[in-house]
Amino acid sequence: MPKLPAVRAVISLSLIVLNTLFCFLPVMFLAILKCLLPIASIRARLNLLLDHIATFWIGVNNVNQRYLGRSHITVSGQQTLLEKDWYMLIANHQSWVDILVLQRLFNRRIPFIKFFLKKELIWVPFIGLAWWALEFPFMKRYSPALLKKRPDLKGKDIEVTKKACEKFQHFPVSIMNFLEGTRFTAEKHQQQNSPFKHLLSPKAGGLSFALNAMDGKLHQLIDVTIVYPNGAPSFFQYLSGKVKEIKVHVRTMPIDLNLLGDYQNDADYRHHFQQWVNALWLQKDKQFDDLLTPSKS
């Protein structure tokens, strides 16, 4: 075991890169096959194979993190999960490390996690193309100024959400959504004048669109609260073994039909859904405090 944190980080990162290159070729081969054979049944089978490769990739990375990163993750809450069910997974967002933590916790316990990405991330070397091949939905956000100039663009991002989610209806999937929309920082928290102590204000619209686009297929909501007792770490700090402790609380709840509706045009439904999301966030804020409180032995 390397003793110097920088050495551990370099070795860990090198192993992630090698693992990525090893998995990249079969992923791209299957992606090209999907393009050449646009038959729904064949595409579905190829998508399952792609998800299996991605699951293997995460599994290798998880072994790497446990051995070199040495972060101890304490998990509390409900954890009765199935690998063959449809889930919406939500969590607070503080660091890129959040994604690695979620993959460590849920790989092979729920279907492969897919999450919405900014369109610019498709240009990330190797990983961007892999995300495309795995049919991660890429979102293009339009600024209010541009929408004012180009009213025809209004609702385009919602159309993309619906088209992306339609692909997820044929086999079990877990859809990830960071409701805050961005990573938490003290500056963003102050700018928002967030009513929550540890969280940015949640964006309910994206969650509603995803639930509705899946047309009732998503059966369970997994609500994850991630806490770093010593502060949100960087990716390098995590790989170097400097993050000794991570606390996570997991709770599941059914997704009731009353959570489905027309978020854009139905004011009553929109108000109801926003209240529901805000209640979730109040509970999460309290849970964050509870996880920060040292346990009494």
Side-chain angles (χ1 to χ4, degrees), residues 47 85-93 98-99 102 110-122 131-132 134-148 150-184 192 194 196 199-224 252-284:
N47 279 332
D85 203 347
W86 277 260
Y87 292 101
M88 174 61 72
L89 177 64
I90 64 172
N92 57 310
H93 193 20
D98 298 340
I99 295 172
L102 291 169
I110 61 176
F112 178 64
I113 300 172
K114 301 193 178 183
F115 43 90
F116 293 97
L117 299 163
K118 295 177 183 177
K119 194 172 183 180
E120 293 77 14
L121 291 176
I122 198 171
W131 282 331
W132 167 78
L134 290 162
E135 297 193 345
F136 279 51
F138 287 91
M139 305 295 293
K140 183 165 184 176
R141 299 291 184 186
Y142 300 105
S143 66
L146 181 59
L147 289 174
K148 192 172 182 180
R150 295 277 309 278
D152 58 299
L153 294 177
K154 188 176 181 181
K156 290 289 184 182
D157 54 344
I158 299 169
E159 290 178 19
V160 172
T161 304
K162 288 183 176 179
K163 287 180 181 178
C165 289
E166 284 172 3
K167 299 175 184 177
F168 300 155
Q169 293 193 21
H170 307 295
F171 53 89
V173 69
S174 304
I175 301 177
M176 175 68 218
N177 196 325
F178 288 117
L179 295 194
E180 292 160 298
T182 184
R183 281 169 285 169
F184 178 97
Q192 280 192 0
S194 172
F196 307 99
L199 310 167
L200 299 178
S201 297
K203 298 181 178 180
L207 177 60
S208 173
F209 297 140
L211 291 176
N212 282 284
M214 288 298 291
D215 196 25
K217 273 282 188 181
L218 296 171
H219 303 148
Q220 295 283 329
L221 179 82
I222 305 175
D223 178 23
V224 183
T252 60
M253 62 192 77
I255 297 174
D256 298 325
L257 290 179
N258 65 2
L259 293 176
L260 305 181
D262 187 347
Y263 192 87
Q264 274 190 305
N265 302 308
D266 186 338
D268 289 337
Y269 164 75
R270 183 167 58 249
H271 177 70
H272 162 72
F273 194 83
Q274 288 173 344
Q275 282 191 319
W276 178 75
V277 169
N278 284 331
L280 280 180
W281 238 235
L282 283 170
Q283 293 168 350
K284 183 180 290 293

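Computed from heavy atoms alone, side chains included, the values below leave out hydrogens, waters and symmetry copies.
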What closest approach, in Å, do [X] and [Y] show between heavy atoms, and which atom pair accounts for it?
X	Y	result
Ile113	Leu102	CD1-O, 4.2 Å
Ala204	Gln274	CB-CG, 4.1 Å
His93	Arg183	NE2-CG, 3.3 Å
Leu280	Met253	CD2-CE, 3.7 Å

[atom2] on [Y] to [atom1] on [X], rounded to 0.5 Å:
X	Y	atom1	atom2	value
Met88	Leu221	CE	CG	7.5 Å
Leu218	Leu89	CG	CG	11.0 Å
Asp262	Phe209	CG	CZ	8.5 Å
Leu259	Tyr269	CG	OH	6.5 Å
Arg270	Asn265	CZ	CG	8.0 Å
Leu282	Lys284	CG	NZ	12.0 Å

Answer yes or no: is there a side-chain heavy-atom contact under 4.5 Å between [X] and [Y]?
X	Y	value
Ile255	Trp86	no
Trp281	Ile90	yes
Pro254	Gln220	yes

Determine, step by step, whether Leu134 and Phe112 satisfy the side-chain contact (heavy atoms from CB on, under 4.5 Å) criterion, reporting the C-alpha distance in whole Å, the side-chain angles of both residues, the deciding distance to 0.1 Å, and the verdict.
CA-CA 10 Å; Leu134 290 162; Phe112 178 64; 4.3 Å; yes
Test Phe196 against Asn278 for side-chain contact (heavy atoms from CB on, under 4.5 Å), laying out the working first.
CA-CA 10 Å; Phe196 307 99; Asn278 284 331; 4.2 Å; yes
Run the side-chain contact (heavy atoms from CB on, under 4.5 Å) test on Leu200 and Phe178 for me, step by step, so that the C-alpha distance in whole Å, both residues' side-chain angles and the decisive distance to 0.1 Å come before the verdict.
CA-CA 11 Å; Leu200 299 178; Phe178 288 117; over 6 Å; no
So, does [X] use its side chain to make a donor-acceptor pair with the main chain of [Y] at under 3.5 Å?
X	Y	value
Thr252	Ile222	no
Ser174	Tyr87	no
Asn212	Gly261	yes

One pair to check against side-chain contact (heavy atoms from CB on, under 4.5 Å): Asp256 and Trp276. What are the steps and the verdict?
CA-CA 12 Å; Asp256 298 325; Trp276 178 75; over 6 Å; no
